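Below is one structure, written out as structure tokens; comments come after it.
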Amino acid sequence: QVQLAESGGGLVHPGGSLNLSCTYSGNIFSGSNVAWFRQAPGKEREVVAGIGTTAGNKKYATSVQGRFTVSRDNSNKTAYLQMNSLKPEDTAVYYCASDSTSTTLVRVVESEYEYWGQGTQVTVSS
């Protein structure tokens, strides 16, 4: 059984930072692509970032590129999303997900992600 769990969300002022963590329960984390998604009230879920089985293979949505950094620590079975220069528009529930494959990550396609965490709330407000 594969399970993911996000943590690290909270309330932060505009311009602040948060580091989200995603812990993976299972034995195939190193062979999985991991992606971060978010969903704001009244909006559809959107891709934030992704990281391939090769840690240097990273993808970002235009809206967060230059502000967010995705990383992974395979030894600890954890993925991270470092969020800097946060804006009110970043307010959303953030989810991590895994496709549990060893395919090369080219683009993050939501339908390809099989395992999902429960989400963690990020609120950016003054």
Side-chain angles (χ1 to χ4, degrees):
Q1 185 71 36
V2 175
Q3 293 183 333
L4 300 170
E6 305 93 338
S7 63
L11 175 64
V12 65
H13 294 314
S17 299
L18 286 172
N19 189 23
L20 306 184
S21 298
C22 173
T23 57
Y24 180 100
S25 297
N27 297 323
I28 57 173
F29 178 77
S30 63
S32 302
N33 298 310
V34 177
W36 290 91
F37 303 83
R38 68 186 182 187
Q39 187 166 24
K43 296 185 178 181
E44 295 183 352
R45 187 162 56 200
E46 63 179 354
V47 176
V48 177
I51 185 167
T53 57
T54 300
N57 184 13
K58 302 176 181 180
K59 313 297 180 182
Y60 298 97
T62 301
S63 60
V64 306
Q65 193 163 25
R67 299 187 298 119
F68 291 10
T69 302
V70 63
S71 62
R72 66 191 297 164
D73 182 346
N74 289 340
S75 65
N76 291 321
K77 297 183 179 180
T78 304
Y80 303 93
L81 185 68
Q82 177 66 48
M83 305 186 295
N84 299 323
S85 302
L86 283 162
K87 305 175 180 179
E89 307 95 277
D90 296 317
T91 296
V93 176
Y94 284 71
Y95 301 88
C96 68
S98 173
D99 64 2
S100 297
T101 72
S102 59
T103 59
T104 300
L105 176 64
V106 179
R107 295 177 63 251
V108 177
V109 179
E110 182 175 332
S111 62
E112 296 179 352
Y113 287 79
E114 181 178 3
Y115 305 108
W116 291 74
Q118 80 289 344
T120 185
Q121 176 71 48
V122 172
T123 302
V124 184
S125 176
S126 60

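All residue numbers refer to positions in the sequence shown, counting from 1. Note that the structure is a prediction, hence the values are computed from the model and not measured.
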inquiry  = How long is the straight-line distance from OG1 of Thr23 back to CG of Leu4, given to the nearest 0.5 Å?
reply    = 7.5 Å

ask   = Is a donor on one side and an acceptor on the other found under 3.5 Å between the side chain of His13 and the backbone of Ser125?
value = yes

key: Path from Tyr24 to Leu20 over hydrophobic side-chain contacts below 4.5 Å   = yes

Closest contact, heavy atoms only, Arg45 versus Glu110 = NH2-OE2, 2.6 Å

ask   = With under 30° as parallel and over 60° as perpendicular, where do the rings of Phe68 and Tyr94 fit, or are they tilted in between?
value = tilted

query = Out of Asp99, Thr104, Asn57, which one pairs with Asn33 under the side-chain hydrogen bond (donor to acceptor under 3.5 Å, both in side chains) rule?
reply = Asp99

Nearest non-hydrogen partners of Asn84 and Ser17, listed with the distance = OD1-OG, 2.9 Å

ask   = Between Gln118 and Glu6, does a side chain to side chain contact (heavy atoms under 4.5 Å, CB included) hold up when you go through it step by step?
value = CA-CA 7 Å; Gln118 80 289 344; Glu6 305 93 338; 3.2 Å; yes

key: For Leu105 against Gly52, the heavy-atom pair lying closest together   = CD2-N, 3.6 Å

In one Ile/Leu/Val/Met/Phe/Trp/Tyr side-chain cluster, 4.5 Å: Tyr113, Tyr60 = no

request  = Report the distance from atom SG of Cys22 to atom CZ of Arg72, rounding to the nearest 0.5 Å.
outcome  = 10.0 Å

note = Heavy atoms of Ala92 and Arg38 approach each other most closely as CB-CB, 3.8 Å

